[in-house]
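Take a look at the structure set out below.
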Amino acid sequence: MITTLRTDITIAQICEGFEYNELEGKGLFGLNGRLTIQPEYQRNYIYAECNKEAAVIDSIIKGYPIGLIYFVKKTDGNFEVLDGQQRITSIGRFIREKFPMVDGVGNCHFFPGLAPDLQKKILQTKLTIYECEGTETEIKEWFKTVNIAGIPLNEQELLNAIYSGKFVTKAKSVFSNSINSNVGFWSNFIKGSVKRQDFLHTALDWVSKGNISEYMSAHRHSDDISELENYFNSIIDWIDETFSDVKPEMRGLEWNRLFESYHSNTYDPQQISKRVSELYADDYVKNKRGIFEYLLGGEKDKKLLDIRLFDGPTKRTVYERQTIEAKEKGVSNCPYCALEHGSHYDTIWDLKDMDADHVSAWSKGGATDINNCQMLCKNHNRAKGNR
Ligand SMILES: [Zn+2]
């Protein structure tokens, strides 16, 4: 790969023919059409959400550097912004009066309202730009490994760069599109930000069973995203039909695994909803996120709920009481051993060889307090737990 340092390109040149897409919130072209500011593989414009836009302009006015910018020089002589898209978009938006700068005394000034010498200073500021030339593979490999200044690209943003093409473009129009009205509903179940490609990432992860790279590579040049969309929608619809109440703990569950394991079962949504409420109200359920799989699995796997256990002092108190009583009677301090008349009929177990047990099972409403605690030898505790 060849890199050429350019320090002769001014803001005025970069902003010549600057186009900004209001709908998608991104800068499109500069350098009189020869520069593609946001190639399709790039992330969406993120600066608009914070005050970094103003900071870029402030730096330029004060003559501070705004960091290296990387262009890819394409075979037709045109350029694509590899890194610096957000900074260039901020500059273009400022020049096009999309936002004002705030001066030292708190007054707002749009670009045309600035003093002519200040306008000139901004427009004649030269940026520090590396032009990179090389094969697609070289450039993308570099893009993948370089530590890019600012907000680092996440895994899906890199994959979008590596597998850029028709498929990514079409998939992004659905799953990375913040004006898609479904996004709000999806975010009940999926974690992350639509702009940072987290929804696209989830959809691809689901349909590819975790083999996102292979899937993107295989579909790269196709504009048919129906498999991706259909599988995603079938999971979302299934969640919606099964669980009528949306809980915050539903966000980011492994819905694809749950769907694959349980979607052929039939559930009564009213009954499910009732049990969700009851388990949410149960103080002994420590892991609320486990409630959904617990119910889907027919309330068998209590481990999913991480039921609150007896604490050390409780266990010790119960152990002491049981042991004193057992020694007086000349029987085992494990009540089950004492009942069995076997070889452990009168064994006095150490505390470390015993476990706490709910006398009345938690699943039948038994509480995790000292009055419902008994100590059993490990064998009997295990045997009781398996029933
Ligand atoms: Zn026992």
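Reckoned from all heavy atoms, side chains included, excluding hydrogens, waters and symmetry mates. Order of appearance sets the numbers: ligands from 1, and atoms from 1 within every ligand.
Under the 4.5 Å side-chain criterion, counting only non-hydrogen atoms from C-beta, Leu351 is in contact with Met375. With contacts defined as side-chain heavy-atom distances shorter than 4.5 Å, the pair Lys172/Leu200 qualifies. Residues Thr314 and Thr317 fail the side-chain proximity criterion, which asks for heavy atoms closer than 4.5 Å.
Trp349 and His344 have tilted rings, their planes meeting at an angle from 30° to 60° on a 0 to 90° scale.
Between the side chains of Ser226 and Asp224, at least one donor-acceptor pair of N or O atoms lies under 3.5 Å.
Cation-pi geometry between Arg93 and Tyr20 is satisfied (NZ or CZ under 6.0 Å from the ring centre, within 45° of the ring normal).
Within the protein, the number of N, O or S atoms lying under 2.8 Å from the Zn ion (ligand 1) is 4.
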